[in-house]
Amino acid sequence: MNRLLEIALPSAVFLCALLGWEFIVWWEAIPPYVLPAPSRILYTLYTDWGTLFGSLLVTVRITFEALFTAIVGGVALALLFAQSRLVERAFFPFAVALQVTPIVAIAPLLLIYLSSSTAVLTCAFLVAFFPILSNTALGLASADHNLVDLFELYRASKWQQLIWLRLPAALPYFLGGVRIGGGLALIGAIVAEIAAGSAGAGSGLAFRIVESGFLLNIPRMFAALTLISVAGILIYLFFAALSNVLLRRWHDSARSREG
Amino acid sequence: MSHVALASPPPAGPPLSGDALVSLRGIGKSFNNGTVALSGLNLDIHDGEFLSLLGPSGCGKSTVLRLIAKLAAPSGGTIDMRGDAELGFVFQEPTLMPWSSVFNNVYLPLRVRGVSRAEAKPRVEEALEQVGLSAFAHSYPRELSGGMKMRVSIARALVMRPALLLMDEPFAALDEITRTRLNDDLIRLQAKLRSTIVFVTHSVYESVYLSSRIVVMAARPGRVVADITIDEPQPRGEDFRLCAFYAERCRETSAALSAAMGANDVRLD
């Protein structure tokens with residue numbers, strides 16, 4: 001009953017918003033090149049599906065490639081940080097500097113140095129990398145200190161401590177990082193593609209938006225935007241579900257409260 | 001029946017008795033922030049003893065356990081342990097790995113030593129049986145009550161068949177009913193396993209009920225101020241709690257504890 005309401009209520013509100021939008025466009029007779037109605041966007045999605053879906057695949061592929069690279073790099077660096085505080089001190093400022101510099105500002109530079117597809121991938125990687133690194137590093141350092149003592153008491157090797165204690169303890173933090181990183185990788189890819197603009201030979205969704213803008217094809221811009229949102233939501237839901245499956249048996253974040 | 005002795009002043013400690021399982025001599029421990037946790041502490045722990053370390057908070061009783069377990073090094077003095085006695089440690093919190101089943105939590109010490117799962121299985125099952133949790137091998141810690149988690153923690157210590165079991169206020173966070181049951185179970189276990197136990201507590205009643213010997217400590221700096229023997233055969237039961245002898249020992253121990261606190265001008269109103 002409660003669960004039904006949890007899904008029904010936001011769906012109803014969303015539907016009402018769409019209907020309101022549809023009504024206003026119809027009532028005020030707003031032309032589609034100013035503001036297309038939801039029905040018009042849906043129709044464009046249908047007619048331009050071939051082009052748009054192809055672009056969606058390109059963008060999603062870049063996102064996942066970037067995310068995968070960010071996971072490998074972030075976890076590797078976090079493990080290195082966990083080995084010695086000195087290494088962490090030496091390298092963390094770089095990671096922070098990369099994180100706080102807006103990706104929009106770095107993208108044009110990368111586009112000069114790298115081929116446009118590599119530049120897009122690098123941008124997506126850069127934004128996804130930091131949350132995964134910092135979360136994993138935090139997780140590795142946050143193992144219960146009594147358990148660390150217990151491992152010392154039984155003279156466990158560093159390796160055993162890593163595999164049986166630090167990695168499992170870091171898993172919830174890591175998954176949180178991946179969930180944030182997944183969304184950010186998509187944003188990074190889009191931003192870089194927009195920065196590449198017509199110079200890019202790319203055919204991702206952001207390129208479609210830029211292209212449609214030049215052609216004043218506003219309904220298609222909205223259609224591409226819708227696909228980006230849906231892709232972002234699906235990526236988030238995928239990692240939320242993955243995290244739930246992996247942590248269900250033991251972690252409080254995945255606990256369903258009783259009563 | 002009982003014997004109360006005020007410990008001799010630190011520099012001239014009692015002679016080293018050759019038959020002690022663990023022998024601490026002139027132990028000092030100070031931390032980096034300048035706190036002196038222990039000073040000139042002498043203590044012998046004998047085979048089969050149930051020794052309680054009793055004292056106000058800050059008297060360094062937990063530090064003594066950590067020093068015996070070699071989780072910390074003393075700033076001065078020597079700790080001698082006979083042979084390579086196997087140790088077990090039970091913390092104030094259950095300290096279980098939440099991502100592992102009860103079985104895997106108890107298996108951990110053996111796993112670290114490279115014992116295969118098949119080889120370890122009978123020993124893990126035996127340890128779980130000793131704490132009455134045979135039916136919960138495949139449960140996860142969060143599915144258990146606080147008392148059951150503590151039992152798992154004890155089973156994990158027992159699985160190594162420790163010659164010396166160190167327990168750091170293991171039942172302090174539990175409710176009265178659970179604590180009483182675990183006290184009785186611990187008495188029964190020790191009578192059966194004949195292991196030596198060092199038990200840190202700040203409860204006079206718990207220490208008198210459980211121990212064959214109570215060492216009272218004072219704070220700032222941490223030191224031994226009284227050594228009380230409780231001459232009552234194990235296993236003890238509910239009737240022990242009701243007898244005059246128990247009440248007398250509690251009074252005696254309370255007095256020693258008050259004296260220990262008075263030494264620091266601490267008043268309880």
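Quick note on labels: first sequence line is chain A, next is B, and so on, each numbered from 1.
- Using a 4.5 Å cut-off between heavy atoms, B:Arg156 contacts chain A through both its backbone and its side chain.
- Proximity to chain B involves both the backbone and the side chain of A:Ala169, based on heavy atoms less than 4.5 angstrom apart.
- By the ring pair (Phe, Tyr, Trp, His ring centres under 6.0 Å) test, B:Trp99 is found to be paired with A:Trp250, residues two or more places apart in sequence or in another chain being considered.
- The environment of CZ in A:Phe91 is sparse: at most 12 heavy-atom neighbours from other residues, nucleotides or ligands sit within 6.0 Å.
- Closest of all the heavy-atom pairs between A:Tyr154 and B:Leu87 is CE2-O, 3.9 Å.
- For B:Leu96, the part sitting under 4.5 Å from any heavy atom of chain A is the backbone (N, CA, C, O) and nothing else.
- The candidate with the highest count of non-hydrogen atom pairs below 4.5 Å against chain A, out of B:Lys70, B:Gln92, B:Arg66, is B:Arg66.
- For residues 68-81 of chain A, heavy-atom neighbours of chain B at less than 4.5 Å comprise no residues at all.
- Heavy atoms closer than 4.5 Å to chain A are found in the side chain of B:Phe91, but not in its backbone.
- Residues B:Ser52 and B:Ser211 bring a donor and an acceptor atom of their side chains to less than 3.5 Å of each other.
- Per-residue heavy-atom pair counts under 4.5 Å with chain B were compared for A:Asn146, A:Leu150, A:Asp144, and the maximum is reached by A:Asn146.
- With a 4.5 Å cut-off on non-hydrogen atoms, B:Glu93 touches chain A through its side chain but not through its backbone.
- Contact of A:Leu171 with chain B is not made at all, since no heavy-atom distance falls under 4.5 Å.
- Counting heavy atoms from C-beta outward, B:Arg223 and B:Ser39 have side chains that stay 4.5 Å or more apart.
- Considering all non-hydrogen atoms of both residues, B:Ser100 and B:Asn105 come closest at O-ND2, 3.1 Å.
- Contact between B:Phe89 and B:Leu165 at its shortest, heavy atoms only, is N-CD1, 4.4 Å.
- Residues B:Leu51 and B:Ile45 come closest through the heavy atom pair CD2-CG1, 3.7 Å.
- The aromatic rings of A:Phe64 and A:Phe238 sit perpendicular, their planes meeting at an angle over 60°, well past the 30° parallel limit.
- Between B:Thr95 and A:His145 the shortest side-chain heavy-atom distance does not fall below 4.5 Å.
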